[in-house]
Amino acid sequence: QDVPASANDDVLKIGLIYTLSGPPAALGVQARDGFMLAAERIGEIGGMETEIIVVDDEGRPDLAADKARELVQRENVDFVVGPIFSNILMAIHQPVTSTGTILISTNAGTSNFAGAECNPNFFTTSYQNDQNHEVMGAYAEQQGYQNVFLMVPNYQAGKDSVAGFKNSYTGNVAGEVYTELGQLDFSSELAQIAAFQPDALFTFMPGGMGVNLVKQYSQAGLTSIPFLSAFTVDETTLPATQEAAVGLLGGANWAPDMDNEANRTFVSAYIEKYDSVPGTYAMQAYDAAQLIDSAVRKTGGDLTDRDALRAAITEADFDSPRGDFSFGANNYPVQDFYLVEAVKRDDGYYGTSVKEKIFDDYVDNYADQCAMQ
Amino acid sequence: MTSLSVQNLSKNFGALKVTDDVSLEVASGEIHAVIGPNGAGKTTLIAQLSGQLRSDAGRVLVGGEDISQLSMPDRVGRGLARSFQITCVLPGFTALENVAVAVQARSGSSFRFFGRVAEEEALNAAALRALEEAGLGDRAHVRASSLSHGEHRRLELAIALATEPKVLLLDEPLAGVGGEDAEAFIDRLKRFKGRFTMVLIEHDMEAVFALADRVSVLVYGRIIATGTPEAIRSDPEVRAAYLGEEEEEVA
Amino acid sequence: MMNLFVLQLLNGVQLGVLLFLIAAGLTLVFGIMDVINLAHGVLYMVGAYLIATFAALTGSFWWGLLLMLPAAVVVGLLIEVVIIRRLYARSHLDQVLATFGLVMIASELVEIVWGTSPLSVPMPEMLSGSVPLMGPLRYPVYRIAVILAGLAVAAGLYVVVNHTRIGMLLRAGATNRMMVSALGVDINKLFAIVFTLGAVLACLAGALVAPILSVDTGMGESVLILAFVVVVIGGIGSIKGAFLGALLVAVVDTLGGVFGPFLLRSLLDPAAAGQMGRVLAPMLVYILMAVILFARPAGLFGRRA
Amino acid sequence: MLEVSGLEAAYGESRILFGIDLSVGPGEVVTLLGRNGMGKTTTVKSIFGLLRPRGGQVRVEGQDLTGAEPHRMALAGLGLVPEGRQVFPTLNVEENLRATARPGKWTLNRIYELFPRLEERRRNMGTQLSGGEQQMLAIGRALMTNPRLMVLDEATEGLAPLIRADIWACLARLKAEGEAILVIDKNVDALTRFADRHVVIEKGRVVWTGTTAEILATPDVKDRFLHV
Amino acid sequence: MSDAPAMRPAPRTPALAGRVKAALVLFVLFALMPPLASALNDPFYVLIGTRILAYAIAAMALDLILGFGALVSFGHAAYLGFGAYAVAILSSYGIDDLFLQIAAGIVMSAGFALITGAISLRTQGVYFIMITLAFGQMAFFFFISLSAYGGDDGYSLSQRSGVLGTDLLGSDYGLYYTTLALLIAVFVLCNRIVNSRFGRVFTGIRENRTRMEAVGYAPFRFQLTAFVISACLTSVAGVLLANQAQFVSPAFMSWHRSGELIVMVVLGGVGTLTGGIVGAVVALLLEEWLGMLTHHWPLLFGTFLVLMVLFSPRGITGLIERLGIGRGRR
Ligand SMILES: Nc1ncnc2c1ncn2[C@@H]1O[C@H](COP(=O)(O)OP(=O)(O)OP(=O)(O)O)[C@@H](O)[C@H]1O
Ligand SMILES: Nc1ncnc2c1ncn2[C@@H]1O[C@H](COP(=O)(O)OP(=O)(O)OP(=O)(O)O)[C@@H](O)[C@H]1O
Ligand SMILES: [Mg+2]
Ligand SMILES: [Mg+2]
């Protein structure tokens, strides 16, 4: 593979690509803030003069592909960090990795890139998309639920979520409802749930949908039915749902109240700087900055030797706020997963809190399809 | 020979009988005037004949062929053209283009995508002829939206002429045309006599009596009298329902 | 099953009233004044943000609502005077372009002022909780209040538009401003008042749904299209049409989503039915609109121009 | 009552009026005559502010209202029956009459007395009227604003002879009641029966003015300018 | 006054002559752009340029029915999508010839446009806008549920299409000039159509439908034909966009995209063809440029749109003509 032109100067250039405008921007903003927080704390990333270029993909894949090319071809960045959404990842993956530039996803972790299409230039600091759903499936299984109601939005990620849940849950499915993407009002679905009286509800409702659902769930008086979710009750939605979400359960690879030095530093710095509790998106981007820092330091600032750089990244030699962190053979993380619960924190903010560990050093299900062993 | 035959035509708007069992025979080359009070149903009758409105009952025949089931464009294809009482032109087109598009409808396919239509001399020449016949030749290149009201009325006529109809339905062609212009207009229509059959709706009695071969009087959707202009003029029922005393002066 | 059906019907009606509340201002401005205002959704969003802010400041939903109203008047009037006023005599396309620009400006401003994370409005104490309905099924009090508010707005609009001079002048002015003016009516003032009323209705809708729905920067956009669908199904310019259109959309959406799969399963094998249902469900509203417009090209109660 | 002096107007770049002078005194009936396309309607539009005048002055009862918004002209006492009827299509007959009405001696009932046809069609939409009915409606609508000066632009177009006679009678009555009228119509003969003065325009300029007696005494006016 | 215009000789090529000239100037500028970009050492602009030109094709195709027929299709992004998915689907079967892909896109679009157009054309005005939106959304949701091609996440293309066995599109320059050539071809085609017999009838229907019926035209056939032509041309843009992004997703078909196409046309100037091109160029360049200036670029862009509408009613082409650059009054 060619060595990108950029590798020859002594400035470390990093391009961040996130959805920073429009309704889903809350996640991207957190991620960017998390990355910038780390960059600020580290100072010179990898001990080199650092230049960070932030671009907004506006949630549009075709535009994102262009922006990614612009970062790679015009700005000659050494790393592209991002994005939040899977469809954006699909669009930018090829333009970035094919030039030998390293792409670090801090959220989207699609199955194809974990499996058959794994790529030495692609890393993720988040998870394989299905894993949080699997956590909830395993939890439901462990609780001995026999009748779970599934409700997800009708699009690819929703279908993947159901598949992920069923991966580790063997009980009955009371009902499987696909709601419209962007649905406002769930009264009809909630009525069904009330009628079926399932053992639990599992749902995946990112963004505004989740806020609506959570508020309406408590208004409909359904809180007696356990509410299991992924990417629904988290630090991006809790400021809006507040009290209504307290006690609801989710699956995650981290929570802001985890008890370790790195996490305490991260969370308190974030709260101080941005006046809100960081979510997973911020943490994973924070780690991406730490990851780059550790790898570049290992190579002594030599960005021309790509193999060495990749090897250094794979070592993942940094303190992640989530504790154990390492890369599997497919460059996806091997990490622990937890059941988390929404709480009102002592400092008055709402946030998630670790309730129990569900998986230990968990490897995703696609890793063995990856040829890079 | 009958050119236009209307048999038992009816039309209701809700409870309102606007056209009530109207029958009419118009001979080839005849100018047949239809007069009647406002709201009697004259325009509605034209709309039914031209296919703009669907009739509730009855038949319309042109040259012996039953066209009752045809759409408006298809009836035009059978030689039945109309002008509108309330000006209906293509405002963004020039007067010439307004007429040329009507000529085009009668001359060859309009599904031609490549040739420049503005350069088809045959169309332009025919259109200009029709404009001149309607007394609008000198305004050929003015946009229709910039024409005055009276000029619009002439354009209406020019467009109708350009479709080269067998039967021409004229709905108040003289409305808004004044003075000498009106006389010239009547002369022009007179010259068309014989070229095609005409059904003429007018409230200008001078024009009606100067032009018509026969006159039908429509009141509340029914034809109450048909006859020569002289007969109609002296019909007391018609005088009471429609003409009034103003007519006496003209007469 | 029967119980569920009745309840879902009720849910459909409730969603319909909610939709109508959102579409009401749009019917007024688009249907009657003939201005395509894409910024209607933004106004709806602004209403929600305003009440969120005022409710947080005062700690009370009711104070928030009270303060939101004058603020909405100011916003509506400002938009009318600066931009909309110059668009009445223009083509629909010009209106689309200008109000599209307005949407960009307003959304960005909202993002700058309030950030991107969703906000929340607490439910007023008085209206929280739910009442028992049938068996284990309960119904939230607040939603009943929303239904009542929607009905009140519908009735009020109906009377204003169809039975007052203002309504007549509006309908007249929409087709021929010059003539209304030449007959002695200060049409600019009239339209300003009515546009502002429309804007306030949009803001009110946003404020009323804020305790149920999340207040975020996307709320205006997702609602805009739906509101247009409602207005078009009902027939442009018809309050009655918009009201019934909203109910129809909501009921079809609600019942279709729940009972459609059952229906499909009786026709196809379960896997195919599930697959089919998932393909069709999001299209339901659009299929409904296409079918209605196919049968009645000017909507249910529209007049063909 | 109405004084117009040196009125100039244009549509875009094409100039139509080149200084029109005309005045209508209280209780006076004045006609505006001219062949098609000479600028009669344009004059009316410029008076009403429907077209912004490029020059000249329009005064109503001494008050300068040049280029004022149309509704101010109407409120100053002018009532318009526009060319081409322009009834409101989305309003029914009664709403058309009531929407812009102002209190005065003309009421719905009097209009219906004048045009019984309109009462029969009171629930019809504006576009569901015959051409003549629309014309009646336009006249009725203007009367309902109870103006002190009526401006009628081809108000009898498309009316049956009987109704046309009614309109002339009505105008004569209005005049008798002291109202001023500015009228454009092609039935010059009918106009000469009750109008006081006449203004003839040609290509945007006034080419002749005079009283009814003068116009009857100089038949060549009609020949020269109107070709009647 | 009124004599003056009457005396004027017949303007032989009234409306479009000036605009054709303007378009020629634009095409020359487009052709010069890549060498300029590489001279400035910024070859990346060639890729952005390709996207702009592809959108210009789509906007022009939309203007054909929107500007000349007042058929405001709010579902045109569907045809972009058909073009794009034609590339994805065929290439997944190993068929990667550009012309075959274009043909496939056209066939799909023509079929869809024929059916949905026939239904939509029963309605008029805003109802037409909304019913075309409905069909556009149906297509959108159909492709979202198409798991074989990634559904919502989209489908990434490993390489660009071939042209008659060559790898012409492999280089960014090749793709750019191919797009430019197609843009010019579509422009010539549209220009011929609007000046033809067909175009005159089609425009006439926009001006006054009843009048056209009364002289003997059945509007439906003409409108449907134009609708299908426009849809097919739009799908060509979709094929090019797929090659440019090397990625296909239902996002190409969302109603936002349809709306943006309308914005481009109206911004550029409705019913001018050149306006579609100008609108696409200005909108996309401005977006690019303002985006570089500030994160809050929509604020500036929105303001620009509002100001354009308020002060230049006939779009950018109208503005240019008023400033007297491309004299061709209509
Ligand atoms: N909207 C317009 N744009 C451009 N020119 C116009 C417009 N309306 C009228 N004209 C032109 O202005 C001139 C005067 O028109 P106007 O309508 O005042 O005539 P008029 O005397 O009322 O004629 P008529 O008896 O036919 O109604 C005509 O030459 C006409 O072509
Ligand atoms: N769409 C409609 N719905 C209801 N009534 C209608 C409709 N169209 C017309 N009418 C009524 O039908 C009657 C006949 O109208 P029509 O236009 O045929 O009259 P006309 O004889 O042409 O009158 P004029 O001489 O005044 O033009 C009128 O009273 C009119 O009010
Ligand atoms: Mg009539
Ligand atoms: Mg006139």
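Just so it is clear: chains get the letters A, B, ... in the order the sequence lines come, proteins before strands, and each one is counted from 1.
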Distance col, row C:L15:CG vs A:F186:CZ, nearest 0.5 angstrom, shows 11.5 Å
Pair count under 4.5 Å, heavy atoms only, with chain A: among C:P211, C:S107, C:P140, C:G12, highest is C:P211
Minimal heavy-atom distance between A:K215 and C:A210, with the atoms involved, is NZ-O, 2.9 Å
If one checks every heavy atom of A:L222 against chain C at 4.5 Å, the contacting part turns out to be neither
Applying a strict 4.5 Å limit to non-hydrogen atoms, the region of C:P122 in contact with chain A is neither
Contacts satisfying salt bridge (charged side-chain N to carboxylate O under 4.0 Å, His left out) that involve residues 169-182 of chain A (not counting sequence neighbours) are A:K166-A:E176
On a heavy-atom basis, the closest approach of A:A191 and C:N11 is CB-ND2, 3.4 Å
Applying a strict 4.5 Å limit to non-hydrogen atoms, the region of A:S187 in contact with chain C is both
With C:S214 as partner, the option from A:T237, A:N212, A:V214 fulfilling side chain to side chain contact (heavy atoms under 4.5 Å, CB included) is A:N212
Most heavy-atom pairs under 4.5 Å with chain A, out of C:M123, C:E221, C:M219, C:Q8, belong to C:Q8
Whatever's closer than 4.5 Å to a heavy atom in chain C on A:S21 counts as both
Whatever's closer than 4.5 Å to a heavy atom in chain A on C:Q14 counts as side chain
Output side-chain donor-acceptor pairs under 3.5 Å for residues 247-267 of chain C, partner residues at least two apart or in another chain, one line each.
residue: C:T254; atom: OG1; partner: C:A250; partner atom: O; Å: 2.6
residue: C:S266; atom: OG; partner: C:L263; partner atom: O; Å: 2.5

Bottom line for C:V209: the part with an atom under 4.5 Å from chain A's heavy atoms is neither
Given C:A281, C:G218, C:G220, the one with more heavy-atom pairs under 4.5 angstrom with chain A than any other is C:G218
Those residues at least two apart in sequence (or on a different chain) that pass side chain to side chain donor-acceptor pair (under 3.5 Å) with A:N129 are A:S86
Contact list (residues 108-119 of chain C to chain A, heavy-atom gap under 4.5 Å, by number) returns C:E111, C:T116, C:S117, C:P118, C:L119
